[in-house]
There are 2 protein chains.
Amino acid sequence: MNDSRPIRAKSGTNHEGTSAHNRRVIVDALRINGALSRADLARATRLTKQTVSNIIEELERDGLVSSQEAVRKGRGQPSTPFRLVPGGAFSIGLQIDRHVTRAVAVDLVGSVLVRAEAALPPGGPSTGAKVILDLVAGVRSNLARIVRQSDKRLVGLGVAMPGPFGIDGSGDDPWMMGAWQKFPLLETLAAGTGLDVGLQNDAAAAATAERMVGAAHGLDHAVCLFVGYGIGAGLILNGELYRGANGNAGEIGMALLFADGKSTPLEHRASLASLYQHLSADPADPDLHARIDNLALRGDPSIEAWIGTAAADLRWSIHLIETIFDPQTVILCGSAPEGLVNRLIAAVGPLLPSIAERRGRTLPRLQPGMADPWSVALGAAAGPISRAFDPHFAAILKDSR
Amino acid sequence: MNDSRPIRAKSGTNHEGTSAHNRRVIVDALRINGALSRADLARATRLTKQTVSNIIEELERDGLVSSQEAVRKGRGQPSTPFRLVPGGAFSIGLQIDRHVTRAVAVDLVGSVLVRAEAALPPGGPSTGAKVILDLVAGVRSNLARIVRQSDKRLVGLGVAMPGPFGIDGSGDDPWMMGAWQKFPLLETLAAGTGLDVGLQNDAAAAATAERMVGAAHGLDHAVCLFVGYGIGAGLILNGELYRGANGNAGEIGMALLFADGKSTPLEHRASLASLYQHLSADPADPDLHARIDNLALRGDPSIEAWIGTAAADLRWSIHLIETIFDPQTVILCGSAPEGLVNRLIAAVGPLLPSIAERRGRTLPRLQPGMADPWSVALGAAAGPISRAFDPHFAAILKDSR
DNA sequence: GTAATAAGTCAAGACAATTGACTTAATAAG
DNA sequence: CTTATTAAGTCAATTGTCTTGACTTATTAC
């Protein structure tokens, strides 16, 4: 009688799904290719001229695209290129890290318009939540000051913080990240801001940023190896960020290396945490970044030693990523001081021979990513933009409200 | 003037894409849940009753579903469950391995109806192609003998062979797999059979099989660790097989392990190839499988030694897979003798602590997969069925003709 | 026996893409 | 300088698919 095991099924779609997809495809095409005429768009998307005209008209009405001056090229009526309007949409990104929190406001094309930073007070979420909400509110009102009516065009609030998520913390957790992970942060933020809130780990956010404005722009298969306090991989697979079953895909910090007969998690050797430990430095020291940058530039032997190990481990990681994901390219990014990242990239080469060495490659196997301490916050903000405007399977389905 | 860098864009969609998707969603729901009434389908897929009725009518006309006896449950008009008709579609799968080639015919629900096997003559594709075409033709005509009109319902020919694809071979290649990989096999098969031809590596095929009828049935995130002559991972991500940029995703045989200060590819230690070498056995020996099975059952010390190393490496691999993909479950399968696989599975436990140890798990972290030498061929055949009937993003787009 | 409930159908309607003819604006060719 | 050709883009009618709301049917609960 009560045969109530739930029925599992994917969601169907309808006209609105079709229309939504086509809108996204057009926005995506403009993002990847820059300005395009309606005729170009029709050819590229395989939609009819008429359909493209209708969608462009609608997008223009919504303030997402605008026309540029007509261009004559050869015979025929000149074409009218359309481009994305940067101010067509905005998003707020929030990076919550161990000793700093950053918030940014970005526009549709990924330009950062407002930045703000705060130190998290000790004591975890109970006191920190208010600081964060204030930080977001500040960025939001600053954005509104710069761009009139921007609040109406705010598509969401993206949060990036170190993962993994949903795992019981280990206890020895000086920054209380474990407590943060238990705290109903997303709900608090959603309630406090009234915005749609999304979550990514920091490597995923870095990948999202690279995809919107960086080395992964327009790529469908790319992996960002992110060296921060920990180490993680942001996975762009089939043109979208891959999250795994529980949002923890790419958390390779716990991958095990073997050396000297024992196993060590990758992040014990290739991460800023390991560097701080190696240098006996205090990670909360605000000048630490600059000092490390300096040491790296001068070729300090202590740093060089760490770079040697870390680079070897990264070389292995890159080989592993190429072997497992077969991506178009691997992007090395991180929240490390720029000088250090550069030294690291230099030390990583030459790469190990792998399946990625194929004839006809157009992209380098390894590319440097953004070396900007704000890139994770940017990626956090890029999340909602991508969710709102990029074509993806879930956006077609009926339950993707 | 000639600004002809190609415009990159995703394809748009239209009514037909919608309709195709909804059909697939319904077939998928019936595959996952067994028989369902139209009302159930409407609720599960969020389509309207009317739409579901129309689609079911069409599917019934096409011979893909059929009604069962009405069931009374509680008040209201009894519902009429519909189920997939096994004979609604067929597919042929072809496994090309080093010293054996297998072909099977399977139906819509993944039952194997016909099997055939042949030894590949030495000399690579020049002589082998004919053998393969004959094998396929034989299976096809046998299927036609069993099921009238089956040829009309043949959706394609799926091929599985060891990867990686598109890489220059290494030369020392006694079975000429390198030559096979250069040979235009797919084109030859397409021309010779008139069927749609698809290609997967053997681990991917195993995963495809597990998804249709095995432990990954109905899962959206699962990884099959496949121990065969080499070792590979078949990746089910977001409900579809992930292929990577060049079809080589999951080829983890070349992943590097470190021990004794030097690095070794995983497949040098955890693969049948390594076992054969360890035993100084001839892989072409037709009785080898049975003999190894026997030895494994008896606890032969030489085999036990190999199992010890291989299990440790698999334990590491599983940990790595959990760390990187965050799947719902990992499935250990292989073309190894069943006794050996069982010993191996027993020896792999207990698993290393990982991110996969979370409260509220419903599936085991590791599950045994099919231990059937025909499972790769089955997976090969499942490829075209999945392509034709499973919901996926590409099926909605206009250029998926 | 009647009310309530659920499955399923019918026919009209809504929505978004398609089609084919048409307009517009440019260059190429004579 | 005129005309043909080409390409961008619009207009209006059409088509395909899902949706809506009223209706029918079959069963159980009271």
Side-chain angles (χ1 to χ4, degrees), chain A residues 1-4 7 11-26 35-61 65 67-82 395-399, chain B residues 1-4 7 11-26 35-61 65 67-82 395-399:
Chain A
M1 193 101 297
N2 186 15
D3 181 11
S4 60
I7 298 173
S11 167
T13 186
N14 59 10
H15 304 127
E16 285 162 38
T18 303
S19 166
H21 172 70
N22 288 342
R23 263 179 74 117
R24 285 166 185 263
V25 163
I26 286 185
L36 292 176
S37 71
R38 283 165 286 197
D40 283 339
L41 284 166
R43 277 185 294 264
T45 62
R46 299 166 169 267
L47 293 166
T48 60
K49 284 187 294 180
Q50 186 58 60
T51 300
V52 172
S53 275
N54 295 341
I55 293 175
I56 285 286
E57 189 187 9
E58 188 187 311
L59 291 172
E60 194 167 23
R61 208 169 44 237
V65 308
S67 57
Q68 296 181 315
E69 209 165 312
V71 298
R72 296 187 298 259
K73 47 173 191 282
R75 272 184 207 191
Q77 176 168 326
S79 60
T80 316
F82 285 79
I396 290 170
L397 309 184
K398 288 181 105 181
D399 54 7
Chain B
M1 193 101 295
N2 185 17
D3 181 11
S4 61
I7 298 173
S11 167
T13 185
N14 60 9
H15 305 128
E16 285 161 38
T18 304
S19 168
H21 172 69
N22 288 343
R23 264 179 74 118
R24 284 166 185 263
V25 162
I26 285 185
L36 292 176
S37 71
R38 282 166 286 198
D40 282 340
L41 284 166
R43 278 185 294 265
T45 61
R46 298 168 170 269
L47 293 166
T48 60
K49 284 188 293 179
Q50 186 58 60
T51 300
V52 172
S53 276
N54 295 341
I55 293 175
I56 284 286
E57 189 187 8
E58 189 187 310
L59 291 173
E60 195 168 21
R61 208 169 43 237
V65 307
S67 58
Q68 296 180 319
E69 208 164 315
V71 298
R72 295 188 296 261
K73 46 171 191 280
R75 273 183 208 192
Q77 176 169 326
S79 60
T80 314
F82 285 79
I396 290 170
L397 309 184
K398 287 179 107 182
D399 54 7

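Sequence lines set the chain letters: A, B, ... in the order given, protein chains first and strands last, and positions in each chain run from 1. The figures that follow rest on heavy atoms only: side chains count, while hydrogens, waters and symmetry mates do not. None of these values were measured; they are calculated from a predicted model.
Between dT19(D) and K398(A), a contact under 4.0 Å exists linking OP1 or OP2 to a side-chain N or O. Between R72(B) and dT28(D), a side-chain N or O to OP1/OP2 separation shorter than 4.0 Å is present. Residue T13(A) has no polar side-chain atom (N or O) positioned under 4.0 Å from OP1 or OP2 of dC18(D). Side-chain N/O atoms of T18(A) include none lying less than 4.0 angstrom from OP1 or OP2 on dA16(C). One finds a side-chain N or O of R38(A) lying less than 4.0 angstrom from the OP1 or OP2 phosphate oxygen of dT10(D). Residue S53(A) has a polar side-chain atom (N or O) positioned under 4.0 Å from OP1 or OP2 of dT10(D).
Summarising the local packing, CD of E16(A) is surrounded by 12 or fewer heavy atoms from other residues, nucleotides or ligands at distances under 6.0 Å.
Residue N54(B) is out of contact with every strand shown, counting any heavy-atom pair closer than 4.0 Å. Residue contacts for T51(B): at a heavy-atom cut-off of 4.0 Å it reaches a base atom on one of the strands shown. When heavy atoms are screened at a 4.0 angstrom cut-off, R43(A) is found touching the sugar-phosphate backbone but no base atom.
Taking the nucleotide of DNA chain D with the nearest heavy atom to each of S37(A) and I55(B), the more 5' of the two is matched to S37(A). Comparing P78(B) and H15(B) by the nucleotide of DNA chain C that holds the closest heavy atom to each, the one mapping nearer the 5' end is P78(B).
Between L47(B) atom CG and dG8(C) atom C1' there is a gap of 16 Å when expressed in whole angstrom units. dA7(C) atom P lies 7 Å from atom CG of D40(B), rounded to whole Å. Protein atom CD1 of I56(A) is 13 Å distant from nucleotide atom C1' of dA8(D), rounded to whole Å. A straight line from CG of L41(A) to C1' of dG9(D) spans 13 Å, rounded to a whole angstrom. The distance from atom CZ of F82(A) to atom P of dA8(D) is 14 Å, rounded to the nearest whole Å. Whole-Å rounding puts the K73(A) NZ to dA28(C) P distance at 14 Å. At whole-Å resolution of the value, CG in N14(A) and C1' in dA17(C) are 14 Å apart. Residue K49(A) contributes atom NZ, which lies 11 Å from atom C1' of dT23(C) at whole-angstrom precision.
Considering only side-chain atoms of R75(B), the nucleotide from dG8(C), dA29(D), dG9(D) that sits closest is dA29(D).
Side-chain atoms of Q50(A) and N54(A) include a donor-acceptor pair closer than 3.5 Å.
Between the side chain of D40(A) and the main chain of R43(A), no donor-acceptor pair closer than 3.5 Å is present. Between the side chain of H21(A) and the main chain of S11(B), a donor-acceptor pair closer than 3.5 Å is present.
Side-chain atoms of E16(A) and base atoms of dC18(D) include no donor and acceptor less than 3.5 Å apart. For Q50(B) against dC18(D), no side-chain N or O and base N or O form a donor-acceptor pair under 3.5 Å.
Pairing each heavy atom of T18(B) with each of T13(B), the nearest pair is N-OG1, 4.3 Å. Of all heavy-atom pairs spanning R38(A) and S53(A), the tightest one is CD-OG, 3.7 Å.
dA26(C) and dT5(D) make up a base pair, with Watson-Crick or G-U wobble contacts both under 3.5 Å.
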